[in-house]
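Structure, as structure tokens:
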Amino acid sequence: MLKYLIKRLLHGLFSIVVVIGIVMLLIYSLMDRQLIFAADSVYQNLGNNQKKQYMYRMWENYGYIDYVTYEEYIASLVASGELDSSELEKIQDLGKKAEDDSETVAEYVKKFSEYYESKGYTIVRLDAITIKKGRKYADGGQEALFAYRDKPLLTRLTGYFTGIVDIDSIHYVDDSIDIGKRGISFTLHDPAYGGEKFSPALIGNGTKYKYLLYFDNNFPYIHQNLIKISLGKSYTVNAGIDVFDTMTQSQGSYVSSEVTFPSGVVEASADDLHTATYVKGSLASSTLNQRLFVDDYTNVSTVKNGLSKIGYSFVIGLISSIIAYVLGVSLGIAMARHKDKAIDKIGTIYIVFAIAVPSLAYIFMVKAIGGSAGLPTTFDMESTSKLMYVLPIISLSIKSIADLMKWLRRYMIDQQNSDYVKFAKACGLTDNEIFRKHIFKNAVIPIIHGIPGTILVALVGAIITEKVYVVPGAGNLLVEAIAKYDNGVIVGVTLFYTALGITSVILGDILMAMFDPRISFSDKAR
């Protein structure tokens with residue numbers, strides 16, 4: 001078993017790398033990168049050189065290229081001590097054209113060009129665009145110098161996978177910053193609760209997150225910030241937020257409660273102090289931060305009253321799956337037991353309907369019928385009514401029930417013609433005993449294989465159903481990302497979907513082996 005699991009896991013990891021590589025190739029090499037500006041109002045309103053610079057900067061943000069400006073190059077020389085800051089202004093001032101550069105500027109422009117050309121970059125010099133006989137710049141016509149290169153696929157893949165797991169450490173904060181004694185401390189009385197409530201916590205100093213481990217009243221009650229999953233940042237769907245956080249962060253309205261801030265101030269707030277992260281200089285730059293905090297761990301998330309995108313998708317998907325298995329298996333057995341009888345014919349009509357009719361059609365049919373019956377037809381995160389879950393769950397269940405009925409009926413009818421059934425009848429077993437003890441156990445094995453997949457796929461949501469009922473789930477996240485050309489979200493969600501698919505197959509194989517003694521993963525058994 002262990003050898004099999006390791007082998008399947010390695011194959012799965014290889015498959016993930018291949019899938020992500022193909023997706024990156026499609027996005028970054030085969031699709032027109034100009035499409036990201038289709039709905040970009042900033043790009044449309046810029047002109048001349050400024051528009052070109054913005055275009056390259058956005059290509060860098062979206063992951064297409066590496067991009068370095070001449071000003072950034074000079075600033076890096078100052079930071080490394082190779083250049084005195086007092087000379088910064090005269091070296092940064094490019095001429096309107098290359099021939100207008102001063103002798104010193106020309107020298108550093110040459111160094112810049114030679115350095116980045118040696119690394120495979122393309123150097124771009126944009127001459128100034130002027131009006132009034134060169135006395136005034138045209139709108140966005142300032143001169144510019146920069147270097148860029150396309151990111152190689154292998155470099156992009158390596159960088160992406162090495163950055164998926166982020167482990168916090170006490171060396172996250174720059175050593176040059178005076179933050180006091182670095183380290184991790186343990187307390188039995190969490191300061192976030194005023195230091196009065198018994199609540200163990202691990203608190204870091206010099207780490208990215210202030211709280212590395214803590215307890216609260218929300219499932220699963222114990223939480224950690226020490227190890228984080230990073231699937232890539234969003235640029236349009238949820239700008240600046242990691243894809244994993246986009247899928248897992250709570251949604252809805254703010255929930256205020258009495259919060260004891262590090263400074264000792266107690267007031268009603270929706271801030272979640274357990275999410276505090278380090279932001280250099282944030283304490284000194286804000287009088288509000290100075291009133292509430294005592295260090296630069298000031299960046300906090302807020303508490304909201306709704307579930308995450310994955311949470312809503314999982315609740316709806318899991319309940320619909322349970323209903324599908326309960327009804328689908330029961331009705332499939334009944335159809336097989338009463339072949340060609342009324343229940344079998346009615347069930348067959350339902351199966352044909354669910355398979356033949358497009359899902360969008362019966363989803364709208366369920367919505368219309370449910371709406372006329374007074375059930376909510378759109379999802380509302382502010383509502384406390386559970387009735388808004390009813391129609392999405394029914395819509396998701398319809399086809400799943402039909403599939404289970406169809407396959408279980410087929411498997412059970414096929415099993416009735418097996419030799420072991422004839423032998424059991426010859427031994428005097430009743431039809432009920434044969435169905436219950438033999439036929440059902442064999443027929444249900446292929447169905448069992450799909451259970452882990454059904455549960456895990458519930459995490460990704462149902463695109464059409466969530467769109468129709470306005471469910472704030474994960475189902476339409478990939479569609480939204482594709483529509484907005486959000487490359488980070490497309491790659492991150494694809495990785496998430498692929499990982500779940502591979503996991504479900506492995507768990508399905510293990511579950512089948514547990515129920516079917518004929519299946520063994522060991523070489524010795526063969």
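We number each residue from 1, following the sequence as shown.
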Handout entry: Residues Glu60 and Arg57 bridged, charged N to O under 4.0 Å
Key = yes

Exercise for the section: Assess whether atom NZ of Lys467 is packed by more than 12 heavy atoms of other residues, nucleotides or ligands within 6.0 Å. Expected result: no

Handout entry: Atom NZ of Lys52 with >12 non-hydrogen neighbours under 6.0 angstrom
Key = no

Exercise for the section: Mind telling me whether Tyr297 and Tyr278 have parallel, tilted or perpendicular rings, with 30° and 60° as the class edges? Expected result: perpendicular

Handout entry: With Tyr56 via ring pair (Phe, Tyr, Trp, His ring centres under 6.0 Å) - residues at least two apart
Key = Trp59, Phe146, Tyr148

Handout entry: Rounded distance (nearest 0.5 Å) linking atom CZ of Arg149 with atom OH of Tyr116
Key = 9.5 Å

Exercise for the section: Please name all residues satisfying salt bridge (Lys or Arg N to Asp or Glu O under 4.0 Å) with Asp403, sequence neighbours left out, ordered by chain then number. Expected result: Lys399

Problem - Presence of salt bridge, Glu480 and Lys309, under 4.0 angstrom - result: no

Practice task
For the pair Tyr64 and Tyr62, name the ring-plane relationship: parallel under 30°, tilted 30 to 60°, perpendicular over 60°.
Solution key: parallel

Practice task
Kindly determine whether Asn238 and Thr246 satisfy side chain to side chain donor-acceptor pair (under 3.5 Å), including the steps that lead there.
Solution key: CA-CA 7 Å; Asn238 197 7; Thr246 298; 3.2 Å; yes

Practice task
Identify the residue among Leu25, Val19, Ile20, Val18 that makes a side chain to side chain contact (heavy atoms under 4.5 Å, CB included) with Ile22.
Solution key: Val18

Exercise for the section: Could you tell me whether Asp127 and Lys97 have a side-chain N and a carboxylate O separated by less than 4.0 Å? Expected result: no

